[in-house]
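Right, one structure below, let's go through it.
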Amino acid sequence: MKHIRTLLTRIRDDRGSAGLEIAILAPALAALLVLLAAAGRLSLAGNSVEAAAAAAAREASLTRTTAEAQSAAEDMARVSMSQAGITCLTLSVNIDASGLNAPIGTTGQVRANISCTVALSDAAMIGLPGTRVLSGTAVSPVDAYRERR
């Protein structure tokens with residue numbers, strides 16, 4: 001009877017179970033933290049693309065012709081992405097500069113659409129495979145009373 005009681009006591013003994021729980025849960029928690037960090041870095045890269053779109057739209061709205069607007073927007077988008085530390089595998093800048101032709105006295109708008117393909121190993125975490133397309137759109141007004149060509 002005493003042996004049975006001792007055996008039952010040993011079976012119910014939970015010494016060392018906290019260490020086992022930590023050993024089981026630690027890798028899962030570490031993986032969760034890595035994924036959260038990757039998501040945060042990817043979100044910051046998306047914000048950089050939005051900022052580049054705003055800078056490109058503003059730069060395009062200061063030009064006089066559609067060709068100048070496209071060229072200036074592409075240059076500004078590249079500079080903005082470079083300053084943010086984002087390396088685009090492909091960078092596409094599309095400008096709707098129809099607002100540059102608005103009659104004097106009316107406010108036109110220039111719209112910039114930017115699409116940037118980033119490697120996840122650069123944007124999120126080192127060693128993460130694949131790519132992600134980040135895009136941003138911004139609108140900038142054209143001065144209503146400036147000279148038109």
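Every value quoted in this text rests on a predicted model; they were computed, and no experiment measured them.
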Listed pairs under 3.5 Å, donor-acceptor, residues 70-89 side chains, sequence neighbours left out:
from, atom 1, to, atom 2, distance (Å)
Q70, OE1, I95, N, 3.4
Q70, NE2, E74, OE2, 2.8
Q70, NE2, V93, O, 2.7

### Query
Please, which pairs that meet side-chain hydrogen bond (donor to acceptor under 3.5 Å, both in side chains) have at least one residue in residues 109-120, sequence neighbours excluded?
T90-T117, N113-T137
#### Entry: From CA spacing to verdict: side-chain contact (heavy atoms from CB on, under 4.5 Å), T131, V118
CA-CA 6 Å; T131 60; V118 294; over 6 Å; no
Quick one: side chains of residues 50-60, donor-acceptor pairs under 3.5 Å with protein atoms, not counting sequence neighbours, listed by atom name and distance.
none

### Summary
Value for CG (L29) from CD1 (I24), rounded to nearest 0.5 Å, stands at 12.0 Å
### Inter-residue atom distance D143.CG - L62.CG, 0.5 Å rounding
9.5 Å
### Task
Flag the pair V139 / V110 as yes when at least one side-chain heavy-atom distance between them is below 4.5 Å, and no otherwise.
no
### Query
A102 and T106: which non-hydrogen atoms are nearest, and at how many Å?
CB-OG1, 3.6 Å
### Task
Compare every heavy atom of T66 with every heavy atom of L100, then report the nearest pair and how far apart it is.
CD1-N, 4.2 Å
### Query
Which atom names give the shortest non-hydrogen contact between T107 and P141, and what distance separates them?
CG2-CB, 4.0 Å
